[in-house]
There are 2 protein chains.
Amino acid sequence: MSSPVTSFRGPQVCKVIGITYRQLDYWARTNLVRPSVQDAAGSGTQREYSYTDLVELKVIKSLLDAGVSLQAARKAIEYLREHLGEELGSANLVLQCADSLLTYSGDQIVDLLRRGQGVLNIVALGPVVEELDATLVALAPAAAGAEPPLAAAQ
Amino acid sequence: MSSPVTSFRGPQVCKVIGITYRQLDYWARTNLVRPSVQDAAGSGTQREYSYTDLVELKVIKSLLDAGVSLQAARKAIEYLREHLGEELGSANLVLQCADSLLTYSGDQIVDLLRRGQGVLNIVALGPVVEELDATLVALAPAAAGAEPPLAAAQ
DNA sequence: CGTCGTAACTACCGGGATGTGATCCCGTAC
DNA sequence: GTACGGGATCACATCCCGGTAGTTACGACG
């Protein structure tokens, strides 16, 4: 029995995340998210993204939809990339000025607001990952039977 | 005894808020924040901003510093403008997708995070107004003895 | 080998936002 | 009336971002 597909080609990624190919291309070329399975090597080759890449892309898309600039999203993803091993399902990615951090309770956020000096951008990662997984399942035929590793691991 | 100055000219506003004249000009011309005391009428005239204008400008600046786009800030300010009469010192301006709202407790924010679908941008208005007032006091000579109405009212 | 489909790549363009330098215009002082 | 300072306005340039369309190149197929 063939193993589930765990890599995704560019156009599939666009469909799953809800972005244009141009955005994906620009984000790859400017080193925001390069495909970690297989990067492109010129015309005719293909980019292959991992599930983790998709999580990052999904977070970026959520931030952009919320009105956060691409520049700020870049910084946040750099931080997230260093903490992907942690339990994301219950974490919140918090952007505070140029810093990012993960919080795991509402109290932590309230505390940040009280001690902070203005603005927080908060990404609840649970819902983001859930929506990603749901989209992967819904588009499974189109994505060649791709199986969300997080869902499978649970 | 002369009454305290309660309006601010363009360059003073730039100094207080920490933005360039170009930004102030662009924001006025594009109807983000027009001076409510006296708008410009061509070269040689002067814009005069009220304290409320300064609060709005300060919130915008805080949002931009946090990486929020000007477009998203526009929406937020439209909402804030309709609720300025409320107790801002203890309120949090929360941006959720295209909607904005004011919350007054950490519990409300935690609840929004649980029920929401991704990203919140939160402006703690207390610290923003406090920093504005502190800057006005510190620059009082430059701002011709301007007195922060909120501080005076408290 | 030629053709085709697919995806990557490239170039141009436009919109948003802002920097920079120059010019315009008003109010004030002499 | 002239000069000046301050602020508004204008024009051009730059950067970021991404849309659009055309070109390039690879692998599959006959």
Side-chain angles (χ1 to χ4, degrees), chain A residues 5 7-49 53-54 57 60-77 142-144, chain B residues 5 7-50 53-54 57 60-77 139 141-144 146:
Chain A
V5 175
S7 70
F8 309 83
R9 291 182 295 109
Q12 291 171 325
V13 171
C14 294
K15 194 172 294 182
V16 170
I17 304 301
I19 60 177
T20 66
Y21 188 86
R22 192 66 181 87
Q23 282 175 298
L24 188 70
D25 186 46
Y26 181 66
W27 296 354
R29 293 173 168 280
T30 55
N31 288 320
L32 174 54
V33 179
R34 297 206 85 116
S36 57
V37 177
Q38 173 84 33
D39 206 345
S43 300
T45 64
Q46 291 186 349
R47 294 186 173 105
E48 291 195 41
Y49 293 82
D53 295 334
L54 263 59
L57 288 164
I60 294 167
K61 170 70 169 154
S62 299
L63 284 167
L64 293 188
D65 286 347
V68 174
S69 70
L70 196 65
Q71 204 62 19
R74 278 183 190 277
K75 293 176 180 175
I77 283 300
Chain B
V5 175
S7 70
F8 309 83
R9 291 178 293 109
Q12 292 171 322
V13 171
C14 294
K15 193 173 295 184
V16 170
I17 305 300
I19 58 177
T20 66
Y21 189 87
R22 190 67 179 86
Q23 283 175 297
L24 188 70
D25 186 45
Y26 182 68
W27 297 356
R29 292 169 168 280
T30 56
N31 286 320
L32 174 54
V33 179
R34 298 206 85 115
S36 56
V37 176
Q38 173 84 30
D39 205 345
S43 297
T45 64
Q46 290 187 350
R47 295 186 175 104
E48 290 195 39
Y49 292 81
S50 67
D53 295 334
L54 264 60
L57 288 163
I60 294 166
K61 170 70 168 153
S62 299
L63 284 167
L64 293 187
D65 286 348
V68 174
S69 69
L70 196 65
Q71 205 61 18
R74 277 183 190 278
K75 292 176 180 173
I77 285 299
L139 295 178

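Each chain gets a letter, A, B and so on, in the order its sequence line appears, and its residues count up from 1.
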On DNA chain D, check which nucleotide each of A:Trp27 and B:Tyr49 is closest to and give me the residue with the more 5' one.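 This one resolves to B:Tyr49.
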Using only modelled atom types and a 3.5 angstrom limit, is any donor from either the side chain of A:Ser43 or the base of C:dC9 paired with an acceptor on the other?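 Side chain to base: no pair below 3.5 Å.
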Give me the one residue out of B:Asp25, B:Asp53, B:Asp39 that meets salt bridge (charged side-chain N to carboxylate O under 4.0 Å, His left out) with B:Arg34.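 Of the listed options, the one satisfying the test is B:Asp39.
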A:Gly44 or A:Arg22, whichever maps to the more 5' nucleotide of DNA chain C: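 Result: A:Gly44.
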By nearest heavy atom, map A:Asp39 and B:Arg74 onto DNA chain C; which one lands nearer the 5' end?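 Per heavy-atom nearest nucleotide, the more 5' residue is A:Asp39.
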Just the rounded figure in Å: distance from [atom2] of [N] to [atom1] of [X].
X: A:Leu70; N: C:dG16; atom1: CG; atom2: P; answer: 18 Å
X: A:Gln23; N: D:dC16; atom1: CD; atom2: P; answer: 17 Å
X: A:Asp25; N: C:dA7; atom1: CG; atom2: P; answer: 13 Å
X: A:Lys75; N: D:dC16; atom1: NZ; atom2: P; answer: 14 Å
X: B:Lys61; N: C:dA17; atom1: NZ; atom2: C1'; answer: 14 Å
X: A:Leu24; N: D:dG18; atom1: CG; atom2: P; answer: 11 Å
X: B:Gln46; N: C:dC26; atom1: CD; atom2: C1'; answer: 9 Å
X: A:Ile60; N: D:dC17; atom1: CD1; atom2: P; answer: 12 Å

Below the 4.0 Å mark, does [N] have OP1 or OP2 next to a side-chain nitrogen or oxygen of [X]?
X: A:Tyr26; N: D:dG18; answer: no
X: A:Gln71; N: D:dC17; answer: yes
X: B:Arg29; N: C:dT18; answer: no
X: B:Arg47; N: C:dC26; answer: no

May I have the step-by-step check of side chain to side chain contact (heavy atoms under 4.5 Å, CB included) for A:Leu32 and A:Leu57, ending in yes or no? CA-CA 9 Å; A:Leu32 174 54; A:Leu57 288 164; over 6 Å; no
For the residue pair B:Tyr49 and B:Ala28, what are the closest heavy atoms and their distance?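 It is OH-CB, 4.0 Å.
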Within the structure provided, determine whether B:Lys15 and B:Gln12 are in side-chain contact (heavy-atom separation under 4.5 Å).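 The answer is no; the side chains never approach within 4.5 Å.
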Give a yes or no answer on whether the side chain of B:Ser7 reaches the backbone of B:Ser50 with a donor-acceptor pair at less than 3.5 Å.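 Checked: no pair found.
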Which is true for B:Thr20 with a 4.0 Å heavy-atom rule: it touches a base, it touches only sugar-phosphate, or it touches nothing?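 The answer is sugar-phosphate, as B:Thr20 gets under 4.0 Å only of primed atoms, P, OP1 or OP2.
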